[in-house]
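Data block below; observations after.
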2 protein chains.
Amino acid sequence: MKKTVGVSPKVNSDLTAKARIRNAAFALYANYGEDATSMRAIAEAAGVTVGLVVHHFRTKDGLREAIEQHIVDLFFGAIEQVPLEGTTAEIAAARDEAVADMLSDNPAVVGYLRRALLDPMGHRGRILEMLTDLAAKQVATLRNVGVASKAHRDSSQVIGVMIRQLGQLFLQPMVDSMWNQLAGPNAAEDDKPLLVVKVQES
Amino acid sequence: MKKTVGVSPKVNSDLTAKARIRNAAFALYANYGEDATSMRAIAEAAGVTVGLVVHHFRTKDGLREAIEQHIVDLFFGAIEQVPLEGTTAEIAAARDEAVADMLSDNPAVVGYLRRALLDPMGHRGRILEMLTDLAAKQVATLRNVGVASKAHRDSSQVIGVMIRQLGQLFLQPMVDSMWNQLAGPNAAEDDKPLLVVKVQES
DNA sequence: TATTCTGCTATACGATCGTATAGTATTGAT
DNA sequence: ATCAATACTATACGATCGTATAGCAGAATA
């Protein structure tokens, strides 16, 4: 089985049916949630039948595992491609930017994670743990290469990285909804208030 | 395995069956989401049969409407009880505190709103619109009584109020999960980083 | 060419869902 | 005491869910 780690921006028609199914499910999960998405809806969106979904992914749990592994691969691929040169701060900034680019290229990632991470009881996957591990390894790598900032403890730094990158994206839909309701749909977009999310040492 | 979520039976015992059903559904929705909560689970949690749930609320939509009206009533009741005396800033601060107290007394409100507000596509209710209206009226009242701050436009101020009060509560579970994973379950609790959520004029 | 394997469709099964309906018990007004 | 409305239970129906199974077409292997 070949594994595509790098992101190939190919259109759906060039993909295998298995990848098309995963992508269809990914998009539906991000928009409507796993519970509200039936296997039949996934099959229809991918242009196949229900049986083929089961054939490739066994169960709905297996489908979610494939999606979450795909998300981890996207994060890893984004981080991996920035070279380890420059100061620690420069590397960290370059990684932040690479992840931000990946997120804006893959809005389904944000939608999926928003549901998964903010629904601690309902979500049955392990995506938060996997991404936290990845971020922890990212911080550890920086520490090995140069001198990581000692101003923050490692844990705080990992949490800070993830919250800064995801928190604003998670809350933005709420701001957008309220802005539309209060200011009307055709108000000047650049009057919209800016969301700021950060963590502080206690 | 029977797990009671949220409401203590002591409180429940002297309520009408209709209120018990609403409270049971409210707690279950907050913890597991509406889609993952069946009418039969609600009935069992309330100690009645499915038929009675339908008798009192007609449909599942009707049940959600009752819950969301209850939430609006809780917000209104919290705001209503602070007297209109002192400076505008003092009134606003007292209202913020009253709402914060209400939220800590009713954790199901936070859980329910977190699901509803962060799921703009999936949610079928109107709770965000209702609460935004309420907050807008709150700002308007302050403007009538005294002199509301002109430093921010009304819309920004409304959004600021709601984001400050809810944003931190929404993201906190994510911080908690990561903190537990990284620092271990028995780490010093006061080392945990603090979440800061705010909005800025653009 | 014969056989096996893989990608894929079609259909069906049991569980669970929201809801409708019919009937019983309890209350409240006259 | 009567009677109607309300509170509540029991059961059933149709739809939809995840998944199991059987079979077919075409490529691969020998």
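For clarity, every value in this text was computed on a predicted model and none was experimentally measured. Hydrogens, waters and symmetry mates are skipped; everything else that's a heavy atom, side chains included, is used. Labels below follow one simple rule: chain letters A, B, ... track the order of the sequence lines, proteins then strands, and each chain is numbered from 1.
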*Which whole-number value in Å describes the distance from Leu28(B) CG to dG18(C) P?*
12 Å
_Strand-adjacent residues in residues 50-65 of chain A, judged by heavy atoms under 4.0 Å from DNA chain C_ = Gly51(A), Leu52(A), His55(A), His56(A)
*Applying side chain to side chain contact (heavy atoms under 4.5 Å, CB included), name anything that partners Asp133(A), two or more places apart in sequence or on another chain.*
Gln181(B)
*Between Arg20(B) and Ala46(B), is there a donor-acceptor pair closer than 3.5 Å when you use the side chain of the first and the backbone of the second?*
yes
*Residue pairs passing the salt bridge (charged side-chain N to carboxylate O under 4.0 Å, His left out) test where at least one lies in residues 99-118 of chain B, sequence neighbours excluded*: Asp119(A)-Arg115(B)
Check: residues 69-79 of chain B side-chain donor-acceptor pairs under 3.5 Å, at least two apart:
from     : atom 1 : to       : atom 2 : distance (Å)
Gln69(B) : NE2    : Asp73(B) : OD1    : 3.0
His70(B) : ND1    : Arg22(B) : NH1    : 3.4
His70(B) : NE2    : Arg22(B) : NH1    : 3.3

*Whole angstrom is fine here: how far is it from CD1 in Ile42(A) over to P in dT16(D)?*
17 Å
*May I ask you to say what Ser38(B) touches in the nucleic acid, namely base, sugar-phosphate or nothing, with a heavy-atom cut-off under 4.0 Å?*
sugar-phosphate
_Rounded distance (Å) that lies between atom P of dG18(C) and atom CG of Asp35(A)_ = 12 Å
*For atom CE of Met39(A) and atom P of dA10(C), their distance in whole Å*: 18 Å
*Who are the side chain to side chain contact (heavy atoms under 4.5 Å, CB included) partners of Arg124(A), not counting sequence neighbours?*
Glu34(A), Asp35(A), Arg64(A)
*Minimum-distance nucleotide to Arg40(B) side chain [options: dT9(D), dT9(C), dG18(C)]*: dG18(C)
*Between dT16(D) atom C1' and Glu44(A) atom CD, what is the distance in whole Å?*
14 Å
*Mind checking side chain to side chain contact (heavy atoms under 4.5 Å, CB included) for Ala136(A) and listing every partner two or more places apart, or none if nothing turns up?*
Val158(A), Leu182(B)
